Amino acid sequence: MRALAVAALLTLYGASAKAEEALLAKGESVYKQFCSHCHGLDMKNPGTSSYDLRKWPKDAKETFVKSVMEGKGDMPAWGDILLPEELEAIWFYVATRGGKEPPPQASAGEG
Ligand code: HEC
């Protein structure tokens, strides 16, 4: 019984780890394409007036999405440019600090 549960968990983990890898890779490439010239490669802020995305609170996805889609201050709106899945991937990239930290809801299991 227990061995079965562990095996099931491992399978789940393997699948989601793969999905996360893909999401991260996509997030990184979309970020490089649209965001890096202002926010810096690897989110290392080049010292301009743009926000340092490595400091963005991981639990603030809604505000992130709103600011990115509608624009903020000197930042243009991205709502007409980014596809929903691209935004999702960028969020994953930012929230994991480029894959260096676990995502906000790492264990998606109920409970
Ligand atoms: C043209 C330069 C430029 C580009 C390109 C750009 N940003 Fe920004 N971004 C800024 C500036 C400047 C600010 C600071 C805005 C302010 O608070 O006045 C900012 C702020 C932000 C913030 C913080 C918003 C807030 O609520 O404080 C987020 C999140 C963000 N950018 C994400 C992104 C993402 C994701 C992309 C790529 C899709 C991107 N930015 C592309 C210039 C840019």
Side-chain angles (χ1 to χ4, degrees):
M1 283 294 268
R2 177 170 285 180
L4 255 180
V6 170
L9 264 179
L10 280 177
T11 311
L12 256 180
Y13 177 77
S16 76
K18 270 224 172 95
E20 285 181 0
E21 248 175 55
L23 198 58
L24 185 65
K26 181 179 179 126
E28 185 171 12
S29 83
V30 181
Y31 175 87
K32 276 188 181 147
Q33 190 179 350
F34 293 118
C35 322
S36 65
H37 50 284
C38 288
H39 288 285
L41 272 181
D42 299 325
M43 291 176 280
K44 285 189 191 97
N45 193 285
T48 55
S49 59
S50 55
Y51 187 92
D52 189 333
L53 289 174
R54 290 169 301 172
K55 295 189 187 127
W56 188 263
K58 290 183 175 192
D59 57 356
K61 181 177 179 183
E62 262 173 53
T63 337
F64 179 89
V65 168
K66 187 173 177 352
S67 292
V68 174
M69 295 312 258
E70 297 175 8
K72 169 103 192 215
D74 289 335
M75 178 167 70
W78 296 97
D80 292 339
I81 295 164
L82 294 176
L83 298 170
E85 65 262 31
E86 290 174 333
L87 181 67
E88 199 61 38
I90 296 180
W91 167 248
F92 190 81
Y93 177 75
V94 169
T96 61
R97 312 305 190 221
K100 295 188 184 79
E101 292 177 26
Q105 298 104 16
S107 51
E110 293 85 20

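Start at 1 and go down the list; that is how both ligands and their atoms are numbered. This is a predicted model, so every value here is computed, not measured. When a residue number appears, it is its place in the shown sequence, counting from 1.
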Novice: Test of understanding: with side chain to side chain contact (heavy atoms under 4.5 Å, CB included), list the residues that count as partners of E85, not counting sequence neighbours.
Specialist: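 If we apply the side chain to side chain contact (heavy atoms under 4.5 Å, CB included) test to E85, skipping adjacent residues, the hits are K26, L83.
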
Novice: Nearest heavy-atom pair of E86 and I81: which atoms, and what distance?
Specialist: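 Between these two residues, the closest heavy atoms are OE1-O, 4.0 Å.
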
Novice: Under the side chain to side chain contact (heavy atoms under 4.5 Å, CB included) test, which residues partner L23, sequence neighbours left out?
Specialist: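 So L23 forms a side chain to side chain contact (heavy atoms under 4.5 Å, CB included) with A89, F92.
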
Novice: Pull out every atom of ligand 1 sitting under 4.0 Å from any heavy atom of D74, numbered as shown with elements.
Specialist: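 Matching atoms, with element in brackets: 12 (C), 18 (O).
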
Novice: At under 4.0 Å between heavy atoms, is it the side chain or the backbone of H37 that contacts ligand 1, or both, or neither?
Specialist: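 Only the side chain of H37 comes within reach of ligand 1.
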
Novice: For ligand 1, note which part of W56 has a heavy atom under 4.0 Å away: side chain, backbone, both or neither.
Specialist: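 The answer is the side chain.
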
Novice: Looking only at heavy atoms, which two atoms of R54 and D42 are closest? And how far apart?
Specialist: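 Of all heavy-atom pairs spanning R54 and D42, the closest is CD-O, 4.0 Å.
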
Novice: With heavy atoms of F64 as the reference, note each atom of ligand 1 found under 4.0 Å away.
Specialist: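 Once the distances to F64 are compared, the set is 29 (C), 35 (C).
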
Novice: I'd like to check W78 versus L87 (side-chain heavy atoms, cut-off strictly below 4.5 Å). Are they in contact?
Specialist: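 W78 does not reach L87 side chain to side chain.
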
Novice: Answer yes or no: is there a donor N or O on one side and an acceptor on the other, between the side chain of W91 and the main chain of A95, under 3.5 Å?
Specialist: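 No; judged by distance alone, with no hydrogens or angles, the pair does not exist.
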
Novice: Hey, could you give me the CG/SG distance between D74 and C38, rounded to the nearest 0.5 Å?
Specialist: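 If we round to the nearest 0.5 Å, D74:CG and C38:SG are 9.5 Å apart.
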
Novice: Give me the nearest non-hydrogen protein atom to atom 18 (O) of ligand 1 as residue plus atom name, then the distance to 0.1 Å.
Specialist: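 Result: G73 CA, 3.4 Å.
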
Novice: Taking the six-membered ring for Trp, are Y31 and Y93 parallel (under 30°), tilted (30 to 60°) or perpendicular (over 60°)?
Specialist: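 Tilted: the ring planes of Y31 and Y93 meet at 30° to 60°.
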
Novice: Can you list the ligand 1 atoms lying under 4.0 Å from a non-hydrogen atom of I90?
Specialist: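 Counting from 1, the qualifying ligand atoms are 35 (C), 38 (C).
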
Novice: List ligand 1 atoms under 4.0 Å from F34, heavy atoms only on the residue side.
Specialist: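 Heavy-atom distances to F34 below 4.0 Å select 5 (C), 37 (C), 38 (C), 41 (C).
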
Novice: Can you list everything that forms a side chain to side chain contact (heavy atoms under 4.5 Å, CB included) with E70? Sequence neighbours excluded, please.
Specialist: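 Applying side chain to side chain contact (heavy atoms under 4.5 Å, CB included) to E70 gives K66.
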
Novice: Starting from atom 8 (Fe) of ligand 1, count all protein N, O or S atoms within a radius below 2.8 Å.
Specialist: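 For atom 8 (Fe) of ligand 1, the figure is 2.
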
